[in-house]
Q: 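Attaching a single structure in structure tokens format; questions to follow.
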Amino acid sequence: MSEILHFAGLRGRLERDRPLARSTSWRAGGPADWLFHPADRDDLAAFLRQLPPSMPLLVLGLGSNTLVRDGGVRGAVVVMHDPGAALAVADGLVYAEAGVASPKVARLAARLGCAGAEFLAGIPGTIGGALAMNAGCYGGETWGHVARVEVLGRDGRFEVRTPADYAVAYRSVRRADGAAADGIFTAAWFSFVPGDAESARARIRELLARRIATQPLSLPNAGSVFRNPPGDHAARLIEAAGLKGLAIGGAQVSELHANFIVNPRGAARAADIEALIALVRSTVRERSGIDLEPEVRIVGETATGGAR
Ligand SMILES: Cc1cc2nc3c(=O)[nH]c(=O)nc-3n(C[C@H](O)[C@H](O)[C@H](O)COP(=O)(O)OP(=O)(O)OC[C@H]3O[C@@H](n4cnc5c(N)ncnc54)[C@H](O)[C@@H]3O)c2cc1C
């Protein structure tokens with residue numbers, strides 16, 4: 001049973017015991033004790049200032065890299081995705097609030113005749129999620145283009161930081177001093193090099209066509225489940241281990257792309273997906289000696305309680 005909380009003056013939507021399956025691209029998982037959709041960044045700051053310091057807090061963008069366990073998430077979950085979030089050009093930089101869907105940044109940059117943002121067109125998350133994950137593909141990475149970011153602390157205060165404040169690597173973003181990245185990304189300023197609008201649009205079309213041909217985009221999934229190990233591809237190792245098509249409950253290793261797990265009938269429990277992740281990992285370890293590390297973030301409690 002979730003704790004009773006009282007907030008004053010919020011303009012966003014605050015709901016109690018809300019299912020999160022619709023807030024993740026796998027369409028699986030249990031409820032949040034408290035689910036907050038802030039009206040804007042100031043509303044989010046007001047929420048954080050009133051949130052009891054002991055209450056756990058989880059941030060989601062579009063949930064396209066997250067598995068929420070069936071028992072749900074204790075405490076508060078903030079959903080950042082906002083179709084009305086600001087996206088603009090300022091002093092030659094592209095300014096995007098964290099709730100902007102990443103493909104919108106790719107399209108704006110192309111319209112402006114910039115090059116380098118095209119890779120974001122196929123990443124179905126938010127800018128906040130792209131910053132947290134250093135999302136990337138086809139040779140591009142989010143932090144390769146960041147000029148500065150705005151971060152909101154748990155105390156409700158905003159701070160502007162630069163890439164020098166972070167140690168950024170493949171799908172990994174930490175503070176430069178080695179601590180885990182703290183705070184919520186609320187906005188970013190991106191710098192893209194001058195290019196040509198038509199070439200950028202053509203590149204976006206080409207990258208999206210490549211995805212449609214190689215990824216099971218019509219079925220609920222969360223992109224690549226495992227990080228690529230140095231010098232190899234997780235998909236190749238999973239396929240070589242004969243695991244394409246393997247299913248547990250409603251979850252299945254994609255026939256099209258072995259590093260994707262799909263939820264074809266929308267009926268998978270998060271426990272099915274997590275068990276399949278564990279089975280793929282142990283089988284690949286047995287067959288190739290390589291321990292694949294999950295790229296997806298697993299959060300929350302199992303249906304029987306406990307975060308494991
Ligand atoms: C079909 C498909 C294809 C994909 N292809 C790619 C790809 O090519 N390359 C790639 O890198 N990824 C890919 N992904 C994975 C995913 O889209 C990216 O990681 C994306 O950037 C996640 O964004 P999100 O908003 O959905 O994040 P979420 O899944 O909501 O969150 C991911 C993590 O970021 C944290 N987070 C989210 N927002 C914030 C914020 N504002 N401040 C601080 N922390 C935050 C969350 O707490 C969580 O830990 C793919 C996914 C799908 C479904």
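Order of appearance sets the numbers: ligands from 1, and atoms from 1 within every ligand.
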Q: What's the shortest heavy-atom distance between His257 and Pro216, and which atoms?
A: CB-CD, 4.1 Å
Q: Which atoms from ligand 1 have a heavy atom of Gly136 less than 4.0 Å away?
A: 7 (C), 8 (O), 9 (N), 10 (C), 11 (O)
Q: Which atoms of ligand 1 are found less than 4.0 Å from any heavy atom of Thr66?
A: 28 (P), 29 (O), 31 (O), 32 (C)
Q: By number and element, which atoms of ligand 1 are closer than 4.0 Å to a non-hydrogen atom of Gly63?
A: 26 (O), 28 (P), 29 (O), 30 (O)
Q: Tell me, please, which residues at least two apart from Asp82 pass side chain to side chain donor-acceptor pair (under 3.5 Å).
A: none
Q: Looking at residues at least two apart in the chain, or sitting in another chain, which of them share a side chain to side chain donor-acceptor pair (under 3.5 Å) with Asn134?
A: Glu141
Q: List ligand 1 atoms under 4.0 Å from Cys137, heavy atoms only on the residue side.
A: 8 (O)
Q: With atoms numbered from 1 as shown, which atoms in ligand 1 lie under 4.0 angstrom from a non-hydrogen atom of Gly129?
A: 21 (O), 23 (O), 24 (P), 25 (O), 27 (O), 37 (C), 38 (N)
Q: Asn221 heavy atoms, cut-off 4.0 Å: which ligand 1 atoms fall inside?
A: 1 (C), 2 (C), 52 (C), 53 (C)
Q: With under 30° as parallel and over 60° as perpendicular, where do the rings of Phe7 and Trp34 fit, or are they tilted in between?
A: perpendicular
Q: Check each atom of ligand 1 against the heavy atoms of Ala132 and keep those under 4.0 Å away; list them by number with element.
A: 34 (O), 35 (C), 36 (N), 44 (N), 45 (C)
Q: Any non-hydrogen atom of His81 lying under 4.0 Å from ligand 1?
A: no
Q: Could you name the option among Ala188, Pro124, Ser64, Ala130 that has the heavy atom nearest to atom 2 (C) of ligand 1?
A: Pro124
Q: What atoms of ligand 1 come within less than 4.0 Å of a heavy atom belonging to Ala222?
A: 51 (C), 52 (C), 53 (C)
